[in-house]
Number of protein chains: 2
Amino acid sequence: MADNDTSKLSAALEDYLEAILNLSAERGVARSRGIADTLGVARSSVTRALRSLADRGLVNYEPYGIVTLTDDGLRIAETVARRHEIIQSFFVNVLGVEKDIAQKGACEAAHALGPAIIDRLMGFIEFVNDSHKNGDDLVGRFRQFCKNRPAAKDKTPSKATRRKATKTLAHAKPGQKVRLTSINAGQKLRSRLAALGLVPNVEITVVSTGRPGPFMINVKGSKIALGKPMVDKIIVE
Amino acid sequence: MADNDTSKLSAALEDYLEAILNLSAERGVARSRGIADTLGVARSSVTRALRSLADRGLVNYEPYGIVTLTDDGLRIAETVARRHEIIQSFFVNVLGVEKDIAQKGACEAAHALGPAIIDRLMGFIEFVNDSHKNGDDLVGRFRQFCKNRPAAKDKTPSKATRRKATKTLAHAKPGQKVRLTSINAGQKLRSRLAALGLVPNVEITVVSTGRPGPFMINVKGSKIALGKPMVDKIIVE
DNA sequence: TTGAAAAGTTAGCCGAGACTAACTATATTA
DNA sequence: TAATATAGTTAGTCTCGGCTAACTTTTCAA
Ligand SMILES: [Mn+2]
Ligand SMILES: [Mn+2]
Ligand SMILES: [Mn+2]
Ligand SMILES: [Mn+2]
């Protein structure tokens with residue numbers, strides 16, 4: 001009988017429920033083979049998932065039988081399917097994303113976004129539709145807006161890039177002067193380097209960056225050759 | 001040295017990179033302990049993740065050392081962080097979702113949404129801001145719109161619910177007449193039930209639904225008692 | 001009715017990613 | 001400088017969710 005459904009379901013198991021719901025609607029019945037095909041997994045994986053779902057009281061299942069959702073299972077399946085639909089609708093109908101891509105992204109995102117966000121998102125879609133009825137073609141304006149500006153690239157630097165990233169000696173160019181911040185290594189290596197003058201706050205002048213040849217630096221008048229692994233461990237500013 | 005980064009990174013490893021980027025920016029340096037605290041995992045989990053990332057050439061790491069991102073790692077970390085920021089910004093600044101919830105959802109969704117969707121989403125945020133400058137307070141209008149309608153619930157039935165779900169005998173109420181569609185069981189059980197008159201298309205009248213007592217049905221004049229497991233296997237319409 | 005073909009299950013393997021407990025290296029401080 | 005506290009690693013375990021190969025059950029058609 002229906003077991004406890006304390007812990008939240010994994011994305012994978014939610015997908016099984018969603019697949020069962022869809023198959024039931026489309027073909028009238030959900031069988032193991034159909035689920036495997038829908039999700040692109042091996043038939044044996046389905047068997048195991050069904051046992052797991054049955055243990056949680058979410059499907060009626062027994063070996064060689066067809067699969068139906070219990071009331072609990074139906075509730076979850078509908079919630080997931082609905083989230084998927086809403087997110088996908090936003091991607092396609094508002095953002096104008098290509099259907100296949102939207103489908104894939106929405107199916108995954110559906111497991112990550114809870115009621116608070118989904119409700120708002122649905123409200124927003126309604127708002128957009130409502131605006132349209134009132135003569136304001138928001139989506140059309142957005143499309144137009146997109147045309148009039150150089151398509152932003154996913155790689156465009158943003159706040160993230162503006163944050164200073166830790167620089168190692170490897171990032172320095174020949175001729176550049178840098179100050180040693182710290183050495184990313186154990187004390188034995190650190191003391192070995194200290195003997196060469198490589199201590200915190202010392203000024204380093206990069207002589208050559210070692211392609212080809214060794215990475216050469218100048219520290220207080222003496223030239224030092226460093227190996228690549230070493231170069232990555234020396235933090236500078 | 002930098003290994004091949006053929007296969008796409010898992011969400012978990014992307015989170016490690018993101019955490020390292022953030023720690024480097026906030027504290028100047030990323031150490032194992034800080035990563036563990038940020039992500040809420042055990043220190044030993046961090047050790048393993050760092051080894052894995054180092055193998056892929058995404059971080060400079062060696063035991064007991066501090067951690068820095070390689071150029072490849074930095075690129076990925078920034079991409080993930082930026083997706084996170086854009087999605088979160090949409091949730092908070094457009095949809096008006098509470099910060100903590102938006103943060104959590106965005107961090108997860110960031111791994112699921114690729115450039116095609118993210119680019120559009122960022123464009124949309126810009127569009128909204130742009131509209132605002134031109135005197136159209138879209139967000140304000142949306143907030144107003146939300147107030148003027150009964151808050152939609154995540155459980156509201158939608159297309160998903162409108163699809164007919166498979167009904168079992170368990171869903172029937174006392175006195176109800178239903179037609180048997182199929183029996184979710186192997187042939188031996190099916191023939192046993194067939195002997196009782198339970199064959200496809202036969203009409204079943206529900207007598208009592210068995211709380212307490214057995215589930216009783218009337219088939220062609222004869223009363224039959226069914227156990228709960230059986231009731232779940234009989235598909236009707 | 002019987003013998004494939006198809007559907008489904010079992011058994012065993014694997015990698016990812018978490019955990020705890022115990023150990024080791026490093027840092028701190030008296 | 002030695003003792004202790006903290007940080008980090010190692011070893012071993014677990015669950016999840018894939019997979020293949022081999023077997024069994026059910027279906028279907030001759
Ligand atoms: Mn889906
Ligand atoms: Mn999904
Ligand atoms: Mn994030
Ligand atoms: Mn994340």
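In the text below, chain A, chain B and the rest are named by the order of the sequence lines, each starting its count at 1.
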Name all residues meeting the side chain to side chain contact (heavy atoms under 4.5 Å, CB included) criterion together with A/Lys220; count only those two or more places apart in sequence or in a different chain, and write none if there are none. A/Val202
I need the [atom1]-[atom2] distance between [X] and [N], as an integer number of Å.
X	N	atom1	atom2	value
A/Ile35	C/dG8	CD1	P	9 Å
B/Glu62	C/dT26	CD	C1'	14 Å
A/Leu53	D/dG17	CG	C1'	12 Å
B/Arg33	D/dT9	CZ	C1'	14 Å
A/Leu50	D/dC16	CG	P	16 Å
B/Leu13	C/dA16	CG	P	9 Å
B/Leu23	D/dA7	CG	P	14 Å
B/Ile66	D/dT6	CD1	P	22 Å

Could you please name the option among C/dT10, D/dT9, D/dC19 that lies closest to any side-chain atom of A/Arg51? C/dT10
Selection from D/dT9, D/dA7, C/dG8 that lies nearest to any side-chain heavy atom of B/Thr47: D/dT9
Hey, are the side chains of B/Ile235 and A/Ile66 touching, using non-hydrogen atoms and a 4.5 Å cut-off? yes
So, do A/Leu9 and A/Arg56 sit near enough that their side-chain heavy atoms are less than 4.5 Å apart? yes
Checking side chain to side chain donor-acceptor pair (under 3.5 Å) between A/His84 and each of A/Glu14, A/Glu108, A/Glu18, which is the one that passes? A/Glu18
Could you tell me whether [X] contacts a base, only the sugar-phosphate backbone, or nothing, with contacts defined as non-hydrogen atoms closer than 4.0 Å?
X	answer
B/Ser45	base
A/Arg43	base
B/Gly40	sugar-phosphate
B/Arg48	base
A/Ala42	base

Taking atom types as modelled, is there a side-chain donor on A/Arg43 or A/Thr47 under 3.5 Å from an acceptor on the other? no
Decide whether A/Arg83 and A/Thr79 meet the rule of one side-chain donor and one side-chain acceptor closer than 3.5 Å. no
Phosphate OP1/OP2 of [N]: any [X] side-chain N/O under 4.0 Å:
X	N	result
A/Tyr16	D/dC16	no
A/Tyr64	C/dT10	no
B/Ser32	D/dT9	yes

Between B/Ser44 and A/Ser10, whichever has its closest DNA chain D nucleotide further toward 5' is B/Ser44
Difference in axis direction between the ends of the helix from C/dT1-D/dA30 to C/dA30-D/dT1, five pairs, 10°: 0°
Does the side chain to side chain contact (heavy atoms under 4.5 Å, CB included) test come out yes or no for B/Tyr16 and B/Leu53, once each step is laid out? CA-CA 9 Å; B/Tyr16 280 100; B/Leu53 290 170; 3.8 Å; yes
Using 4.0 Å as the upper bound for N to carboxylate O, is an ion pair formed by A/Asp37 and A/Arg33? yes
